[in-house]
Amino acid sequence: MESISISKDHLKLSVDKLPDILLLPGDPARVYEIGRFLDNVEEVGNNRDYLTIVGEYKGLPIAACSSGMGGPSTEIAVVELHRHGVKSIIRIGTSGGLSEKISPGDLIVLSGCIKYSGTANLFVPENFPSIADYRVLQALICACDREEAAFHVGLGLSVDSFYATKPGLMGKDFPSTIIGQMDLWRSAGALQLDMEAATLFVLSSLLGISAGAICTAGSNIPKGLRPECPPSNDPAIRCACEAALLFKRWEKLSEQAGKNFLIPPIDDSGIEGDDNNGKQT
């Protein structure tokens, strides 16, 4: 029986190289949800809640890996995925809606994050920006528009704690240094609250990864809206998959034109192997 080499890191992959574009949910269960949208799915890693699969979306090789909860576990995933050949990452997350215009189930495409990340700050100063790759951002916006999803685009508030923003769950008058600033960030335009995006964006900037994020709002915090049945992740997964397809298509168009992939084309049709609608055949 042929032995399988397992990578000597936290991901413990059974392959040396992954597809260069990857979807990054936090929850391992969401990796299986993503797998329902892919063809030829194969599990290539499962260690310490880092579950990794590879497959194809409309012919595009793509991978998915869970990153766990918070900045430290996201750091490990991003660094090790990059070592295995990943060049582009789209986070598929869940979040709490901060803006009153966010309804549970809405999608939020992040242009950047207000950063409360101890993990990221161990690499760069606190004022280092936490922003998405503008090409991935544009691909996510286009995908959401084409899928006719209810979505919003803007800043998120990304923190390295779950309970510090909800100190009342820990007891009366429990201390928190951030809870008093929530109204400030809401009035400054923060759309959502999550725990991973800032770390992803900062590390991706440092490693040369093209990264973006799309999150499903599970609640509206200021209105106290939290559905008993959590909203489906399917719309976010579908839009992320379509965004990955668009991103790679634009990259291919640029290569065919002999140009660096700097500006997403307005017209993404006309690629060899595409039909008249710009979809892969």
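Since the model is a prediction, treat every value here as computed from it, not as a measurement.
Heavy-atom minimum distance, V54 versus P19: CG1-CD, 3.7 Å. Among all heavy-atom pairs drawn from L246 and C142, the shortest one is CD1-CB, 3.7 Å. Counting all heavy atoms, side chain and backbone alike, P222 lies closest to G97 at CD-O, 3.4 Å. Shown here for L140 and A240, the closest heavy-atom pair between the two residues is CD2-CA, 4.2 Å. Of all heavy-atom pairs between A197 and L110, the closest is CB-CD1, 3.6 Å. Shortest non-hydrogen contact noted between C241 and F37 is SG-CB, 4.4 Å.
Within the 3.5 Å criterion, the main-chain N or O of D49 finds a donor-acceptor partner in the side chain of S66. A donor-acceptor contact shorter than 3.5 Å links the side chain of S176 to the backbone of A164. Distance alone, capped at 3.5 Å, is enough to place a donor-acceptor pair between the D133 side chain and the R135 backbone. Of the possible polar contacts, none joining the S99 side chain to the L191 backbone as a donor-acceptor pair under 3.5 Å is found. Looking at R30, its side chain does come within 3.5 Å of a backbone N or O of I92 through a donor-acceptor pair. Remark: the backbone N or O of R226 is not paired with any side-chain donor or acceptor of S219 at under 3.5 angstrom. In terms of modelled atom types and a separation under 3.5 Å, the side chain of K259 and the main chain of E255 share no donor-acceptor contact. The backbone N or O of T119 lies less than 3.5 Å from a partner atom in the side chain of D160, making a donor-acceptor pair.
More than 12 heavy-atom neighbours from other residues, nucleotides or ligands sit within 6.0 angstrom of OH on Y134. Heavy-atom neighbours of I263 CD1 from other residues, nucleotides or ligands within 6.0 Å: at or below the threshold of 12. No more than 12 heavy atoms of other residues, nucleotides or ligands sit less than 6.0 Å from atom CG of N260. Counting non-hydrogen atoms of other residues, nucleotides and ligands closer than 6.0 Å to NZ of K87 gives a total of 12 or fewer.
V44 is listed as a side-chain neighbour of L18, based on a closest heavy-atom distance under 4.5 Å. Side chains of L13 and S7 form a contact here, defined as non-hydrogen atoms less than 4.5 Å apart. The shortest distance between side-chain heavy atoms of L22 and L24 falls below 4.5 Å. Between I131 and S111, every side-chain heavy-atom pair lies at or beyond the 4.5 Å cut-off. Residues V86 and I21 fail the side-chain proximity criterion, which asks for heavy atoms closer than 4.5 Å. Looking at heavy atoms from C-beta onward, P227 lies out of side-chain contact with P230 at the 4.5 angstrom threshold.
Here CD1 of I237 is found 12.5 Å from CD1 of I90. Values are rounded to the nearest 0.5 Å. Taken to the nearest 0.5 Å, the CG atom of N46 stands 10.5 Å off from the OG atom of S14. C113 SG to L157 CG: the interatomic distance, rounded to the nearest 0.5 Å, is 8.0 Å. To the nearest 0.5 Å, atoms CD1 (I53) and CG (N40) are separated by 11.5 Å. Put simply, SG on C144 and CZ on R146 are 12.0 Å apart, with the number rounded to the nearest 0.5 Å. Once rounded to the nearest 0.5 Å, the distance linking CG of L81 with CG of L207 reads 10.5 Å.
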(request) Could you please spell out the steps behind the side-chain contact (heavy atoms from CB on, under 4.5 Å) verdict for M195 and S158? (result) CA-CA 5 Å; M195 297 171 61; S158 195; 5.8 Å; no

(request) Begin with the C-alpha distance, continue with both residues' side-chain angles, and end with the deciding distance and a verdict on side-chain contact (heavy atoms from CB on, under 4.5 Å) for L23 and I89. (result) CA-CA 6 Å; L23 307 179; I89 293 175; over 6 Å; no

(request) Take I178 and T165 through the test side-chain contact (heavy atoms from CB on, under 4.5 Å) and record every step on the way to the result. (result) CA-CA 7 Å; I178 191 174; T165 58; 4.0 Å; yes

(request) Start with the C-alpha gap between F174 and Y163, add the side-chain angles, then the distance that decides, and say whether ring pair (Phe, Tyr, Trp, His ring centres under 6.0 Å) holds. (result) CA-CA 10 Å; F174 203 87; Y163 285 106; 9.2 Å; no

(request) Give the C-alpha distance, both sets of side-chain angles, the deciding distance and a yes or no for side-chain contact (heavy atoms from CB on, under 4.5 Å) between L38 and E56. (result) CA-CA 5 Å; L38 308 181; E56 295 179 356; over 6 Å; no

(request) For H152 and D106, run side-chain hydrogen bond (donor to acceptor under 3.5 Å, both in side chains): C-alpha distance rounded to whole Å, both residues' side-chain angles, the deciding distance at 0.1 Å, then the answer. (result) CA-CA 8 Å; H152 311 264; D106 285 0; 2.8 Å; yes

(message) Is there a salt bridge (charged side-chain N to carboxylate O under 4.0 Å, His left out) between R91 and E196? Walk through the geometry before answering.
(response) CA-CA 9 Å; R91 164 167 157 72; E196 293 82 25; 2.9 Å; yes

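R186 and E100 are not joined by a salt bridge, as no carboxylate oxygen comes within less than 4.0 angstrom of a charged side-chain nitrogen. Using a 4.0 Å cut-off between a side-chain N of Lys or Arg and a carboxylate O of Asp or Glu, K248 and D20 qualify as a salt bridge. A salt bridge links R36 with D234: the closest approach of a Lys/Arg side-chain nitrogen to an acidic carboxylate oxygen falls below 4.0 angstrom. Using a 4.0 Å cut-off between charged side-chain N and carboxylate O, K115 and E126 make no salt bridge.
E43 pairs with exactly one of L51, V31, T52 by the side-chain contact (heavy atoms from CB on, under 4.5 Å) rule, that one being L51.
Taking the six-membered ring for Trp and the full ring otherwise, the centers of F123 and F128 sit at least 6.0 Å from each other.
Both L107 and L245 sit in one connected hydrophobic cluster of ILVMFWY residues. Membership requires side-chain heavy atoms under 4.5 Å apart, directly or through other members. Criterion: ILVMFWY side-chain heavy atoms under 4.5 Å apart, direct or through other members. Under it, I114 and F201 are not part of a common hydrophobic cluster. A continuous path of Ile, Leu, Val, Met, Phe, Trp and Tyr side chains, each step under 4.5 Å between heavy atoms, connects M170 with F162, placing both in one hydrophobic cluster. In this structure, W185 is a member of the same hydrophobic cluster as I221, with clusters built from ILVMFWY side-chain heavy atoms closer than 4.5 Å. Residues F261 and L60 fall within the same hydrophobic cluster, defined by Ile, Leu, Val, Met, Phe, Trp and Tyr side chains chained together at heavy-atom separations under 4.5 Å.
Side-chain N/O atoms of S117 and T199 include a donor and acceptor closer than 3.5 Å. In this structure, a donor-acceptor pair under 3.5 Å is absent between the side chains of H84 and D16. Residues Y50 and E80 bring no donor and acceptor atom of their side chains to less than 3.5 Å of each other.
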